Number of protein chains: 2
Amino acid sequence: MAADGFELNAFLPYRLNRAAEFVALRFAAQYKARYQLTRPEWRTLAALGSTRRPMTATEVGAHSAMHKTKVSRAVSALEERRWLTRNENEGDRRLEHLQLTKAGLRAYVELTALAANYQAELDALVGAAGMQALTAGLEAIERAIGKVEKPRREG
Amino acid sequence: MAADGFELNAFLPYRLNRAAEFVALRFAAQYKARYQLTRPEWRTLAALGSTRRPMTATEVGAHSAMHKTKVSRAVSALEERRWLTRNENEGDRRLEHLQLTKAGLRAYVELTALAANYQAELDALVGAAGMQALTAGLEAIERAIGKVEKPRREG
DNA sequence: AATCGATAGTTACGATTGCAACTAATATGC
DNA sequence: GCATATTAGTTGCAATCGTAACTATCGATT
């Protein structure tokens with residue numbers, strides 16, 4: 001309760017970042033230790049695995065809110081591991097369709113098992129009511145993102 | 001809807017990060033342009049300004065979920081700008097109490113005006129119901145953080 | 001079809017980051 | 001009271017990141 005009436009603890013960017021950071025770190029430790037995956041790599045793998053159809057790098061970026069250079073580097077790393085392949089698009093050769101290989105899909109499935117465990121842990125920690133509220137709130141933000149969705153550079 | 005039953009879009013770390021990134025970037029652009037502040041610097045300033053009492057670097061880190069090296073560097077930068085001073089603690093000389101200077105406080109007040117505007121913008125975008133749900137959900141997470149609060153390294 | 005603008009993706013480079021190791025001080029066990 | 005562990009904060013260094021600039025391709029205008 002500052003004298004000027006601004007309440008940092010109610011400021012959404014600050015709060016969201018705090019929560020996101022906390023929640024992400026605990027999970028990152030797991031896939032980092034077991035698979036030597038970086039965060040952008042996991043997120044790219046997850047995006048591709050979850051849709052189960054080829055996506056372009058731009059689509060991956062939009063899905064996961066990552067900068068295009070992050071995506072580009074993550075894709076290269078995953079390709080080198082032979083967890084994904086690039087397929088040129090006929091008709092528009094600027095695009096490449098990214099697709100998980102068998103090995104990539106296998107890794108994805110293993111990682112989602114970890115993720116599901118972690119989600120259950122979070123459910124227990126946060127409680128059903130809290131998780132439901134959070135889900136509703138995040139949906140509201142996601143709708144809002146759809147309305148704006150212009151700024152593409154990170155900072 | 002993946003065949004193995006894992007739903008990435010319902011996975012809390014992924015969702016939270018997406019929302020936090022989106023919301024933070026739009027605000028970061030503002031204080032970066034006007035004050036050449038980095039994110040850790042703004043967050044340190046905000047933590048110190050909001051409590052209106054001296055805090056140690058460790059407390060700042062806990063308050064804002066930042067790694068201690070980030071805090072250390074942000075504190076040095078703010079000190080060089082003469083926006084804060086360090087005061088040695090009597091009794092335990094490992095600690096230093098960080099305190100905003102007049103100039104630092106002035107900057108904080110100016111920035112909270114920007115922050116309040118941005119919060120109003122978000123309120124309008126997300127809607128009252130969504131914001132209320134989000135607040136409830138984030139509170140649940142914050143309570144959960146309090147329960148665990150062990151892992152201190154970032155990844 | 002030539003030009004201009006927009007888009008997909010990559011990369012060089014400077015800035016930022018996190019890990020690990022460090023200094024300095026305090027706390028604990030014996 | 002001495003050795004050892006722990007904690008606060010800093011720093012060297014390698015890795016990662018974002019910006020801006022780049023290549024390559026496509027679409028639109030004329």
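All values below were derived from every heavy atom in this structure, side-chain atoms included, with hydrogens, water molecules and symmetry-related copies excluded. Lettering of chains follows the sequences in order, A, B, ..., and the numbering in each one begins at 1. Please read all numbers here as calculations on a predicted model, not as lab measurements.
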Does a side-chain N-to-carboxylate-O contact under 4.0 Å join A:Arg26 and A:Glu121?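 Looking at A:Arg26 and A:Glu121, the cut-off is met.
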
Filter on ring-ring contact (aromatic ring centres under 6.0 Å, His included), then keep only pairs touching residues 69-91 of chain B, sequence neighbours left out; what's left? none

Rounded to whole Å, how long is the line connecting atom [atom1] of [X] with atom [atom2] of [N]?
{"X": "A:Glu90", "N": "D:dT25", "atom1": "CD", "atom2": "P", "result": "13 Å"}
{"X": "B:Glu41", "N": "C:dT17", "atom1": "CD", "atom2": "P", "result": "9 Å"}
{"X": "A:Glu21", "N": "C:dT17", "atom1": "CD", "atom2": "P", "result": "11 Å"}
{"X": "B:Met66", "N": "D:dG9", "atom1": "CE", "atom2": "P", "result": "13 Å"}
{"X": "A:Leu37", "N": "D:dA15", "atom1": "CG", "atom2": "P", "result": "17 Å"}
{"X": "B:Asn89", "N": "C:dT26", "atom1": "CG", "atom2": "P", "result": "9 Å"}
{"X": "B:Arg39", "N": "D:dG18", "atom1": "CZ", "atom2": "P", "result": "9 Å"}
{"X": "A:Lys32", "N": "C:dG18", "atom1": "NZ", "atom2": "C1'", "result": "8 Å"}

Determine, stepwise, if the pair A:Leu100 / A:Leu78 fulfils side chain to side chain contact (heavy atoms under 4.5 Å, CB included). CA-CA 9 Å; A:Leu100 295 186; A:Leu78 293 176; 5.7 Å; no

Could you go through the salt bridge (charged side-chain N to carboxylate O under 4.0 Å, His left out) check for B:Arg34 and B:Glu110 one step at a time? CA-CA 11 Å; B:Arg34 299 208 195 186; B:Glu110 286 173 25; over 6 Å; no

Give a yes-or-no answer on whether the side chains of A:Tyr31 and A:Gln36 include a donor-acceptor pair shorter than 3.5 Å.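 Looking only at side-chain atoms, A:Gln36 and A:Tyr31 do not form any donor-acceptor pair under 3.5 Å.
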
Side chains of A:His97 and A:Asn87: do they bring a donor and an acceptor to under 3.5 Å?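 Side-chain D/A pair, A:His97 to A:Asn87: absent.
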
Where protein sits on nucleotides 5-14 of chain C, one letter per nucleotide: B base, S sugar-phosphate only, - none, heavy atoms under 4.0 Å: -BBSBBBBB-

Determine the sole option in B:Thr85, B:Leu48, B:Leu84 for which the side-chain contact (heavy atoms from CB on, under 4.5 Å) test with B:Gln99 is passed.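 Among the candidates, only B:Thr85 passes.
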
In dot-bracket form, how is DNA chain D paired, counting a Watson-Crick or G-U wobble pair only if both its distances are under 3.5 Å and using | for bases paired to another strand? ||||||||||||||||||||||||||||||

Measure across A:Tyr108 and A:Arg52 and return the closest heavy-atom pair with its distance rounded to 0.1 Å. CE2-NH2, 4.2 Å

Hydrophobic clusters here meaning ILVMFWY residues chained together by side-chain heavy-atom distances under 4.5 Å, can you tell me if B:Phe27 and A:Phe6 are in one? yes

